[in-house]
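Worksheet: the structure to be examined is printed underneath.
Worth saying up front: this structure is predicted, and the values here are computed from it rather than measured. As the structure lists them, so they are numbered: ligands from 1, and atoms in each ligand from 1.
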Amino acid sequence: MPAPDQPAPFDPYDPLGIDDLLTVEDLAVRDTVRAWAADRVLPDVAHWYEQGELPGIRELARELGDIGALGMSLEGYGCAGASAVQYGLACLELEAADSGIRSLVSVQGSLAMYAIHRYGSEEQRQRWLPDMAAGRTIGCFGLTEPDHGSDPAGMRTRARRDGSDWVLTGRKTWITNGSVAGVAVVWARTDEGIGGFLVPTDTPGFAAPEIKHKWSLRASVTSELVLDEVRLPADAVLPGARGLRAPLGCLNHARYGIVWGAMGAARTCFASALEYARTRVQFDRPIGGFQLTQAKLADMAVELHKGVLLAHHLGRRMDAGTLRPEQVSFGKLNNVREAIEICRTARTVLGANGISLEYPVMRHATNLESVLTYEGTVEMHQLVLGKALTGLDAFR
Ligand code: TGC
Ligand code: FAD
């Protein structure tokens with residue numbers, strides 16, 4: 001322990017002492033998730049990535065349920081009721097292993113479970129949430145369509161009334177967890193505007209073919225959703241979800257998790273570059289001794305820890321109930337953009353080894369190409385902020 005008037009020694013992995021902002025409970029959540037990822041993801045993830053698959057996803061989901069990571073900041077129904085900061089720390093630790101694992105958790109908790117928790121009836125919550133919190137049922141969230149990605153207001157998937165039933169027809173694409181889901185939260189146009197529907201995936205007319213040939217998020221299941229006259233009972237509709245604001249409300253929660261998660265990917269790449277720079281010798285000295293390498297490492301560290309501070313600030317606002325959607329856009333825009341830059345810079349520090357799966361940096365950098373695009377592209381978040389700053393809508 002340093003004397004009270006002496007600052008703690010400089011820690012290259014926590015140069016600003018951000019850990020001091022965390023409570024004992026926060027640190028316990030972080031350590032639990034970090035240990036789980038070290039045990040269950042890190043030993044195999046490069047192989048999964050190379051194979052382009054996530055084998056054992058159902059078992060992984062159940063284990064994530066056991067550690068309380070699914071629907072982590074939701075209250076009741078078997079959810080952990082953790083704080084937003086704790087949920088963020090969990091996202092960071094999961095994405096430090098691989099963005100695909102964080103995606104699994106984001107979609108399950110922040111999108112599918114959040115939609116049911118926030119907009120569902122009591123019966124719907126009782127039916128789905130305990131199994132989803134335990135990882136026994138996996139959920140997916142179908143908003144994006146082949147012709148409507150950034151502009152979901154134009155969606156074509158339609159839900160029409162037939163007696164008391166609903167009949168859904170349409171197509172969703174790029175849906176995380178789609179082929180392994182037991183329930184799909186599907187957003188569709190109705191005569192009263194956009195609504196949300198809970199579709200058990202064994203319903204006749206529903207199919208979820210997996211999307212192959214991805215060069216990013218390869219350790220993640222991504223699928224199309226095909227809805228061909230899918231007949232659902234009246235109680236399949238989410239009663240509290242009216243209009244596009246409902247799915248966008250879920251996105252706030254998931255985007256918030258990404259603000260933290262992206263810094264996890266960046267942390268891993270920074271650590272890899274730092275270690276490499278200390279040990280790789282060229283021109284008779286470690287490359288970390290060259291000014292150009294030090295400039296890279298210093299800039300990476302600055303952006304990494306600024307990003308973590310930003311995430312923490314937004315987490316406190318979410319816990320206080322004061323977080324605005326524009327502030328989430330601010331965080332998602334900055335942290336994913338900086339994270340991918342950190343990973344690309346780390347790649348250069350590792351030279352040729354940087355492109356090898358023996359090191360994690362290229363895997364993280366390619367994963368972040370998806371993270372840059374999903375949950376609102378860079379441009380969408382620039383436009384959200386642009387509109388908030390100027391009062392002028394530049395989307396259309
Ligand atoms: P706009 O007219 O602005 O808004 C329509 C209604 O929604 C309200 N609203 C929001 N409410 C809550 N949170 C937000 N962030 C909101 N943004 C808007 C708004 O107040 C309005 O309400 P009301 O009551 O007046 O009707 O809508 P717009 O059509 O102009 O679109 C705005 C825009 C472009 C920002 C929005 O469409 C958008 O965010 N587009 C990006 C689409 C996107 O992010 N898709 C993500 C799909 S899910 C996914 O990618 C999961 S990947 C997860 C993983 O694997 O980890
Ligand atoms: P487009 O909307 O066609 O955009 C193409 C380009 O045009 C982008 O650069 C965009 O920013 C730009 N652009 C569009 N409009 C404007 C404008 N007005 N001004 C300036 N530039 C503009 N979706 C789900 O619903 N659920 C999921 O679980 C899900 N998981 C995903 C997993 C992965 C691996 C990926 C890659 C995507 C996933 N998505 C999911 C889809 C994702 O949300 C969309 O890809 C994203 O919203 C962008 O839509 P798009 O790909 O159709 O691009």
Side-chain angles (χ1 to χ4, degrees), residues 52 54 91 94-95 98-112 114-115 118-119 138-155 157 171-181 184-188 193-194 196 208 210-225 241-262 323-333 336 366-388 393-396:
L54 190 49
C91 288
L94 294 170
E95 195 147 359
D98 194 81
S99 303
I101 301 297
R102 198 268 309 135
S103 262
L104 164 64
V105 168
S106 290
V107 169
Q108 178 82 350
S110 286
L111 294 178
Y114 184 87
R118 172 134 181 219
Y119 306 118
I138 295 178
C140 69
F141 182 90
L143 181 63
T144 303
E145 299 188 352
D147 294 330
H148 295 281
S150 297
D151 182 19
M155 71 174 65
T157 298
R171 210 177 183 93
K172 301 287 177 182
T173 192
W174 293 111
I175 306 305
T176 301
N177 298 349
S179 324
V180 291
V185 176
V186 173
W187 300 94
I194 289 169
E210 192 168 346
I211 296 175
K212 292 290 187 186
H213 312 300
K214 293 178 297 175
W215 286 110
S216 170
L217 277 193
R218 289 175 57 75
S220 173
V221 173
T222 318
S223 317
E224 286 181 70
L225 304 184
R242 282 273 174 278
L244 191 58
R245 66 165 37 242
L248 294 180
C250 304
L251 292 183
N252 287 333
H253 206 261
R255 289 167 177 171
Y256 163 75
I258 290 173
V259 173
W260 284 90
L323 184 62
R324 290 199 52 82
E326 297 85 352
Q327 294 165 341
V328 177
S329 283
F330 188 121
K332 206 259 177 186
L333 171 62
V336 183
T366 56
N367 277 339
L368 288 174
E369 295 291 343
S370 287
V371 183
L372 208 56
T373 288
Y374 66 36
E375 299 278 6
T377 63
V378 167
E379 293 77 13
M380 288 306 105
H381 293 295
Q382 286 174 319
L383 293 177
V384 168
L385 280 179
K387 181 177 169 184
D393 184 336
F395 288 104
R396 294 181 171 81

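- Polar contact check, Arg396 against ligand 1: a nitrogen or oxygen pair lies under 3.5 Å apart.
- When the heavy-atom distances from atom 52 (S) of ligand 1 to Phe141, Trp174, Tyr374 are ranked, the shortest goes to Tyr374.
- Only the backbone of Phe395 comes within 4.0 Å of ligand 2, counting heavy atoms alone; no side-chain atom from C-beta on gets that close.
- Near Phe141, the atoms of ligand 2 lying under 4.0 angstrom from a non-hydrogen atom of the residue are 24 (C), 25 (O), 26 (N), 27 (C), 28 (O).
- Looking at atom 34 (C) of ligand 1, its nearest protein heavy atom turns out to be Phe395 CE2, 3.5 Å.
- Residue-to-ligand polar distances place Ser150 within reach of ligand 1: an N/O pair is separated by less than 3.5 Å.
- Of all protein heavy atoms, the one closest to atom 30 (N) of ligand 2 is Trp174 O, 2.7 Å.
- Here the protein heavy atom with the shortest distance to atom 12 (C) of ligand 1 is Asn252 ND2, 3.6 Å.
- The Leu143 neighbourhood of ligand 2 comprises atoms 25 (O), with distances under 4.0 Å to a heavy atom of that residue.
- The protein does not reach atom 3 (O) of ligand 2 closely, with no heavy atom under 4.0 angstrom from it.
- Under a 4.0 Å criterion applied to the non-hydrogen atoms of Arg102, ligand 1 contributes the atoms 56 (O).
- Listed by number with element, the atoms of ligand 2 under 4.0 Å from a non-hydrogen atom of Tyr374 are 31 (C), 32 (C), 33 (C), 35 (C), 37 (C), 38 (C), 42 (C), 43 (O).
- Ligand-side atoms of ligand 1 in range of Ser103: 54 (C), 55 (O), 56 (O), range being under 4.0 angstrom from any heavy atom.
- The shortest N or O to N or O distance between Asp151 and ligand 1 is not below 3.5 Å.
- When only non-hydrogen protein atoms are considered, atom 10 (C) of ligand 1 lies nearest to Leu248 CB, 3.8 Å.
- Ring-plane geometry between Tyr256 and Trp260 is classed as perpendicular, the angle between the planes exceeding 60 degrees on a 0 to 90 degree scale with a lower cut at 30.
- Among protein heavy atoms, atom 3 (O) of ligand 1 sits closest to Lys387 NZ, 4.0 Å.
- Remark: atom 18 (N) of ligand 2 lies closer than 4.0 Å to at least one protein heavy atom.
- Of the candidates Gly100, Gly386, Pro146, Gly149, it is Gly149 that places a heavy atom closest to atom 49 (O) of ligand 2.
- Atom 56 (O) of ligand 1 lies below 4.0 Å from at least one non-hydrogen atom of the protein.
- Residue-ligand proximity, Leu251 to ligand 1, at heavy-atom distances under 4.0 Å covers atoms 43 (C), 44 (O), 45 (N), 46 (C), 48 (S).
- The atoms of ligand 1 that sit less than 4.0 Å from any heavy atom of Thr144 are 47 (C).
- Heavy-atom contacts of Leu111 reach the following atoms of ligand 1: 51 (C) (cutoff under 4.0 Å).
- Contact atoms of ligand 1 toward Leu244: 27 (O), 29 (O) (distance under 4.0 Å to a heavy atom of the residue).
- Close contacts of ligand 1 with Gly149, meaning ligand atoms under 4.0 Å from a residue heavy atom, involve 42 (C).
- Protein heavy atoms are found inside the 4.0 Å sphere centred on atom 32 (C) of ligand 2.
- Considering backbone and side-chain atoms alike, Arg255 places an N or O below 3.5 Å from some N or O of ligand 1.
- At a heavy-atom distance under 4.0 Å, only side-chain atoms of Met380, from C-beta outward, approach ligand 2.
- A salt bridge is defined here as a Lys NZ or Arg NE, NH1 or NH2 lying under 4.0 Å from an Asp or Glu carboxylate O, and Arg171 with Glu224 meets this definition.
- Of all protein heavy atoms, the one closest to atom 24 (O) of ligand 1 is Arg245 NE, 2.7 Å.
- Considering each of Glu95, Glu375, Met380, the one bringing a non-hydrogen atom nearest atom 50 (O) of ligand 1 is Glu375.
- Below 4.0 Å from some heavy atom of Pro152 lie the following atoms of ligand 1, by number and element: 37 (O), 40 (N).
- For Leu383, every heavy-atom contact with ligand 2 shorter than 4.0 Å involves the side chain, none the backbone.
- Here is the list of ligand 2 atoms found below 4.0 Å of a heavy atom in Leu217: 34 (C).
- When only interatomic distances are considered, the shortest N/O to N/O separation between Gly376 and ligand 1 falls below 3.5 Å.
- The shell of residues lying under 4.0 angstrom from ligand 2, judged by heavy atoms, excludes Val378.
- Of the protein's heavy atoms, at least one falls inside 4.0 Å of atom 40 (C) of ligand 2.
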